[in-house]
Asker: 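Let me begin by handing over the structure; questions about it come next.
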Amino acid sequence: MEYKIAVLPGDGIGPEIIAEAVKVLDAIAVKYNHRFLYRYGLIGGAAMRQGLDPYPEETHQVCTEADAILFGAIGDPLYDNNPDAKVRPEQGLLAMRKKLGLYANLRPVKMYPELIHLSPLKEERILGADLLVVRELTGGLYFGEPRELRNNGTQAIDTCVYSVDEIERIARVAFKMAGLRRKKVTLVDKANVLETSRLWRRTVTRLAAEYPDIELDYMFVDNTAMQLIINPARFDVILTENLFGDILSDEASVISGSIGLLPSASIGDHVPLFEPIHGSYPDGAGKNIANPLATILSAAMLLRTGLNLQAEAESVEEAVEECIRQKILTWDLNRDNPAGTSQVGDFVAGILQ
Ligand code: IPM
Ligand code: MG
């Protein structure tokens, strides 16, 4: 079969980790007799450095014409420490999410037994941790209006706004995902304080009646931050709004030992996007030290969720597991004898040959 994949390397380590994921996809194409047609697009600082918008129209075209999008990372120090900048690279990612209607962000957190000792948490606490953060991605404080400086720059306002429709569509994703897992959804909010959170509770509680085999419980976000450290295994699916999901998914990621291992999928009504959850790690750019596994695992999610290629996705995941067993790992996971970014990609692709 032939598939169109939009490839957006982005900033920092983005191009290097994407190159390794493409290497792995190429190996899958040979093994399973597919053709992947890659079209590349600029985004973020990489686009701005060419004098373009952080999400240029050309890139949007490439995305809308693809079957799935593989994205690297965004963020460029050139634009970071200037709060007065009108345009910043991150706006490219936000614009892409909004324009492509990518409202559901799925961030699975999985333990690898061989790496359990690398977790900052004690082994007995994290044993059995296997959770999925379902983060709302196109609403809340990230997009609410008004958002502006006021009173000659002495005051600033952001707006958190959610509608029942927005909550329902993401809640359905969470209930469906839970149905494929351990059948439990925890709605994370701040309903003791926020009106939006209370709307989430009412809406999700009502919707839960349509999913009688799924257990629903509720947790405040501050408590969740604590429970993720004390007892992460209690969670199956965490359903939450945009900003809480951003924060909690970074926190949850280190349970597994490195943020460099975690893939994600962003899904909407059209073309889905797959990306590692980590950032652009500018200090590591161009040094062949960044961990490509999160991007390679994002390519696996792309195969499974984006192109409906189950066996292909499993092959990639098994190859990554083998890579971990053989300790072919970058320095974040192997201080003593670190492999380079390209070496890890070569190893995974090699297993698939
Ligand atoms: C993420 C990132 C983005 C976000 C940034 C880069 C805008 O942190 O995907 O989690 O906040 O959503
Ligand atoms: Mg984040």
Side-chain angles (χ1 to χ4, degrees), residues 8-15 17-18 42-48 53-55 59 63 69-83 85-109 131-144 147 158-160 162 166 170 188 221 224-225 228 238-256 258-268 272-285 290-291 294-295 297-298 301-302:
L8 315 181
D11 298 326
I13 57 170
I17 53 179
I18 284 287
L42 289 169
I43 189 164
M48 291 167 67
D53 205 62
Y55 183 53
T59 302
C63 289
I69 305 164
L70 184 64
F71 168 63
I74 223 159
D76 185 331
L78 186 63
Y79 308 93
D80 269 353
N81 294 320
N82 175 10
K86 288 268 176 299
V87 188
R88 48 187 74 248
E90 286 76 5
Q91 284 169 347
L93 181 57
L94 301 182
M96 176 167 67
R97 287 173 179 166
K98 196 70 173 177
K99 282 179 96 168
L100 295 171
L102 300 168
Y103 61 84
N105 186 213
L106 312 181
R107 299 187 159 182
V109 177
L131 60 94
L132 174 69
V133 178
V134 175
R135 167 188 177 196
E136 200 290 326
L137 204 57
T138 52
L141 272 170
Y142 275 61
F143 295 96
R147 42 189 303 114
D158 291 293
T159 305
C160 187
Y162 270 110
E166 286 175 301
I170 184 79
V188 171
V221 61
T224 307
L228 274 171
I238 290 178
L239 165 63
T240 193
E241 61 108 80
N242 203 344
L243 182 64
F244 297 161
D246 177 47
I247 298 167
L248 293 178
S249 60
D250 266 35
E251 187 192 359
S253 74
V254 293
I255 297 171
S256 66
S258 171
I259 195 170
L261 279 173
L262 292 199
S264 80
S266 299
I267 293 170
L273 176 140
F274 302 85
E275 58 168 311
I277 87 155
H278 59 70
S280 61
Y281 183 28
D283 291 342
N291 188 348
T295 316
L297 289 167
S298 299
M301 283 185 101
L302 180 152

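Counting starts at 1 for both ligands and their atoms, in listed order. No hydrogens, no waters, no symmetry mates; every other heavy atom, side chains included, goes into these values.
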Asker: Report yes or no: do D246 and Y142 form a side-chain donor-acceptor pair below 3.5 Å?
Answerer: yes
Asker: Taking the six-membered ring of Y55 as reference, does the NZ or CZ atom of K99 fall below 6.0 Å from its centre and within a 45° cone about the axis?
Answerer: no
Asker: Are R147 and T159 packed together at the side-chain level, in the sense that at least one heavy-atom pair is separated by less than 4.5 angstrom?
Answerer: no
Asker: Please state which protein non-hydrogen atom is closest to atom 8 (O) of ligand 1 and give its distance, to 0.1 Å?
Answerer: D246 OD1, 3.2 Å
Asker: Nearest protein heavy atom to atom 6 (C) of ligand 1, by residue and atom, and its distance?
Answerer: E90 CG, 3.8 Å
Asker: Kindly indicate, with the supporting measurements, whether the criterion side-chain contact (heavy atoms from CB on, under 4.5 Å) is fulfilled by S280 and I74.
Answerer: CA-CA 5 Å; S280 61; I74 223 159; 6.0 Å; no
Asker: Students should be able to answer this: which protein heavy-atom is nearest to atom 1 (C) of ligand 1, and at what distance?
Answerer: R107 NH2, 3.4 Å
Asker: To the closest 0.5 Å, what do you measure between CD (E275) and CG (L70)?
Answerer: 9.5 Å
Asker: Just checking, is any N or O donor in the side chain of E136 or Y162 under 3.5 Å from an acceptor N or O on the other one?
Answerer: yes
Asker: Can you list the atoms of ligand 1 that are under 4.0 Å from a heavy atom of R135?
Answerer: 1 (C), 4 (C), 9 (O), 10 (O), 11 (O), 12 (O)
Asker: Out of the N/O/S atoms in D246, what is the name of the one closest to the Mg ion (ligand 2)?
Answerer: OD1
Asker: Just going by heavy-atom distances, which of H278, E275, R97, Q91 is nearest to atom 9 (O) of ligand 1?
Answerer: R97
Asker: Counting non-hydrogen protein atoms only, what is the nearest one to atom 11 (O) of ligand 1? Give residue, atom name and distance.
Answerer: Y142 OH, 2.5 Å
